[in-house]
*Asks:* 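One structure follows; several queries about it will come next.
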Amino acid sequence: MEQPYIYRRAELAEPDWRRFPGWRDVTTEEWESAQWQRVNCVKNIKQLHALLGELVDESFYKDLADDQEHLATMSMLVPPQMLNTMVVESPGDTPGAWTEAFYADPVRRYMIPVASDRRRDWPSHPYATRDSLHEHDMWVAEGLTHRYPTKVLAELLSTCPQYCGHCTRMDLVGNSTPTVDKLKLTLKPKDRYDAMIDYLQAHPGVRDVVVSGGDVANVPWKNLESFLTRLLDIDTVRDIRLATKALAALPQHWLQDDVVEGLGRVAQTARARGVNLAIHTHVNHAQSVTPLVARAARAALDAGVRDVRNQGVLMRGVNDSTKALLDLCFALQGEANILPYYFYMCDMIPNAEHWRTSLATAQALQTSIMGYLPGYATPRIVCDVPFVGKRWVHQVSRYDAERGVSYWTKNYRTSIEMADPEALIREYPYYDPIDTLPEAGQAHWRAEHIPAQVASEAREAAALSRAASL
């Protein structure tokens, strides 16, 4: 009998970008240029159509337009590198040949969502919010979230080289969409960074700083290096993590000479001062792990960064199977020197129910991947519970699986709960996607949370039906 999962080494390969009609004449030199990648990002349907041509049916573009107009919480921005990891083997060159494969592709499903991907019965959970983790509520300076006792999140900017459909910071990051009018950072970058440094200097209990955004790859290197150098001047800061999906989506950025050299200077200073400097990236499927990504990770490690780690997101239709998760982890760990670290359950933001999984599914997946990877490289699947923070999925206090409500406890106060005497004894709820519940659970949510307009329409329809039967 075979094992539930069979490991077979798969060496990394860069998909041939010339299979896309719009890139038939792109040279290797152009492809490996960060500037070319940024200039040729796909930002709208017209550009995607020019790239794919008739390989995808017109119905797909209409589906995408419907999503962009009525449902999308993030605007479209996809680097060529990221697009090249979709449909990695061409199904052919005849009109429409790619349509089925493009719809089914796991990377496409979260980078270029379409209306038919999303649920129409419950597109959003009734308790979904734009800032589901209340990061903005916990700002102690513009962009600086003090959520954990010893850790802060520094959002240096609100842009990325790429926009992911499931972004947990969809209320701030990226351009506004017809669905979401985004919040805006108001301070000039220098003033924002000064306020962050001032806070950290005044709060020696903070030892760990996640430098994020947006994506730090969009911060001009001289500005990022200056900020990191100032962080390293604070004796109480002992861990610095640079958050960048661009290591995988735009590795060309992290391979630029000035970035590699600058990262080396920062790493040398960190090492001399006993500070742990790491890069955290965001890869959700093995298709996105290519030789260029491995080169970028190796360049960072050779420059002196202590670790390059991956924080993925668990998503239906993307990586919600044992094989998909283990294939990704082995590609990261075994081929690219990127440590599988976390997989977050997808957060409760609007229009994300088609991506989210139930806690029970996450628990089963955590169990299923144990024992295959080295222990230090076995990722934890975590639920980021509002007001609680990251909790391993098996740490749940209690779980009503029928109604899809899990309850969690915590052992610290966030920065906005210092006067709350109940904070450490309260149970905090988290909610499964309603469509994953048994019928009794779904009926409960329909009865409790169907919008008044829908309920009114249902009553009117029932009344008309009764009248017709008389």
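Keep in mind that the numbers below use all heavy atoms, side chains included, and drop hydrogens, waters and symmetry copies.
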*Asks:* Could you check whether any side-chain N or O of Asn319 sits under 3.5 Å from a backbone N or O of Val313, counting only pairs where one atom can act as donor and the other as acceptor?
*Replies:*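 Judged by distance alone, yes, a pair lies under 3.5 Å.
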*Asks:* Report yes if the side chains of Val396 and Arg391 come closer than 4.5 Å at any heavy-atom pair, otherwise no.
*Replies:* no
*Asks:* Between Arg119 and His354, does any side-chain donor sit less than 3.5 Å from a side-chain acceptor?
*Replies:*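 No, His354 and Arg119 have no side-chain donor paired with an acceptor closer than 3.5 Å.
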*Asks:* Can the positive tip of Lys190 be found less than 6.0 Å from the middle of the six-membered ring of Tyr193, inside 45° of the ring normal?
*Replies:* no
*Asks:* For a quick check under 3.5 Å, do Thr281 and Asn310 share a side-chain donor-acceptor pair by atom type?
*Replies:*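 No, because no side-chain N or O of Thr281 sits under 3.5 Å from a partner of the opposite role on Asn310.
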*Asks:* Counting neighbours of CD on Gln47 that are heavy atoms of other residues, nucleotides or ligands and sit closer than 6.0 Å, is the number greater than 12?
*Replies:* yes
*Asks:* Please report the interatomic distance OG(Ser288) to CG(Leu328), rounded to the nearest 0.5 Å.
*Replies:* 8.5 Å
*Asks:* Answer yes if the side chains of Gln37 and His253 hold a donor-acceptor pair under 3.5 Å, and no otherwise.
*Replies:* no
*Asks:* Taking the side chain as every heavy atom from C-beta outward, state whether His282 and Gln311 have any atom pair closer than 4.5 Å.
*Replies:*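 A side-chain contact is absent here, since even the closest heavy-atom pair is not under 4.5 Å.
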*Asks:* Can you tell whether the side chains of Asp171 and Lys182 come within less than 4.0 Å, N to carboxylate O?
*Replies:*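 Salt bridge: no.
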*Asks:* For the pair Trp23 (side chain) and Pro80 (backbone), establish whether a donor and an acceptor sit closer than 3.5 Å, ignoring hydrogens and angles.
*Replies:*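 Pair absent, no side-chain N/O of Trp23 close to backbone of Pro80.
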*Asks:* Take Tyr148 and Asp208, measure what side-chain hydrogen bond (donor to acceptor under 3.5 Å, both in side chains) needs, and give me the verdict at the end.
*Replies:* CA-CA 10 Å; Tyr148 300 93; Asp208 182 355; over 6 Å; no
*Asks:* Got a salt bridge between Glu417 and Lys410, using NZ or NE/NH1/NH2 to carboxylate O under 4.0 Å?
*Replies:* yes
*Asks:* Run the side-chain hydrogen bond (donor to acceptor under 3.5 Å, both in side chains) test against Thr378 and tell me which residues pass, sequence neighbours left out.
*Replies:*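 With neighbours one apart ignored, the set is empty.
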*Asks:* Looking at side-chain heavy atoms only, is the closest gap between Asn84 and Arg19 below 4.5 Å?
*Replies:*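 Heavy-atom side-chain distance check passes, below 4.5 Å.
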*Asks:* How many angstroms lie between atom CD of Gln366 and atom CG of Leu314, to the nearest 0.5 angstrom?
*Replies:* 10.0 Å
*Asks:* Flag yes if more than 12 heavy atoms outside Lys184 fall under 6.0 Å of its NZ atom; otherwise flag no.
*Replies:* yes
*Asks:* Between the side chains of Asp63 and Tyr103, does any donor sit under 3.5 Å from an acceptor?
*Replies:*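 Asp63 vs Tyr103: donor-acceptor pair found between side chains.
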*Asks:* Are Trp31 and Ser33 close enough, and set up right, to give a side-chain hydrogen bond (donor to acceptor under 3.5 Å, both in side chains), and what steps lead you there?
*Replies:* CA-CA 5 Å; Trp31 188 262; Ser33 162; over 6 Å; no
*Asks:* Would you compute the distance between atom SG of Cys164 and atom CD1 of Ile112 and round it to the nearest 0.5 angstrom?
*Replies:*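 Reported value, rounded in 0.5 Å steps: 11.5 Å.
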*Asks:* One pair to check against side-chain hydrogen bond (donor to acceptor under 3.5 Å, both in side chains): Ser132 and Asp347. What are the steps and the verdict?
*Replies:* CA-CA 7 Å; Ser132 67; Asp347 289 321; 4.5 Å; no
*Asks:* Does the plane of the ring in Phe330 sit parallel, tilted or perpendicular to the ring in Tyr7? Use 30° and 60° as the thresholds.
*Replies:* tilted
*Asks:* Would you say the side-chain atoms of Thr85 pair up with the backbone N or O of Met82, donor to acceptor, closer than 3.5 Å?
*Replies:* yes
*Asks:* Sub-3.5 Å donor-acceptor pair from the side chain of Thr177 to the main-chain atoms of Ala72, do we have one?
*Replies:* yes
*Asks:* Is Thr290 close to Pro15 at the side-chain level, that is, under 4.5 Å between some pair of heavy atoms?
*Replies:* yes
*Asks:* Would you indicate whether Asp235, at its atom CG, is surrounded by more than 12 heavy atoms from other residues, nucleotides or ligands within a distance under 6.0 Å?
*Replies:*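 Atom CG in Asp235 is not crowded, with 12 or fewer foreign heavy atoms closer than 6.0 Å.
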*Asks:* Looking just at side-chain N and O atoms, do Gln256 and Trp221 make a donor-acceptor pair shorter than 3.5 Å?
*Replies:*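 The answer is no; no qualifying pair exists.
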*Asks:* Would you say the ring centroid of Trp139 lies under 6.0 angstrom from that of Tyr199?
*Replies:* no
*Asks:* For residues Asn351 and Thr179, determine if any side-chain heavy atom of one lies less than 4.5 Å from a side-chain heavy atom of the other.
*Replies:* yes
*Asks:* Answer yes or no: is there an ion pair linking Arg9 with Glu335, defined by an N-O contact shorter than 4.0 Å?
*Replies:* yes
*Asks:* Return the set of residues passing side-chain hydrogen bond (donor to acceptor under 3.5 Å, both in side chains) with Gln68 (not counting sequence neighbours), or none when no residue passes.
*Replies:*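 Counting only residues at least two positions away or on another chain, Gln68 forms no side-chain hydrogen bond (donor to acceptor under 3.5 Å, both in side chains).
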*Asks:* Determine the minimum heavy-atom distance between Val385 and Arg147, stating which atoms define it.
*Replies:* O-NH2, 3.4 Å
*Asks:* Can you name the closest pair of heavy atoms from Asp181 and Ser176 and give their distance?
*Replies:* OD1-OG, 3.3 Å
*Asks:* State whether the number of non-hydrogen atoms from other residues, nucleotides or ligands found under 6.0 Å of Arg238 atom CZ is greater than 12.
*Replies:* yes
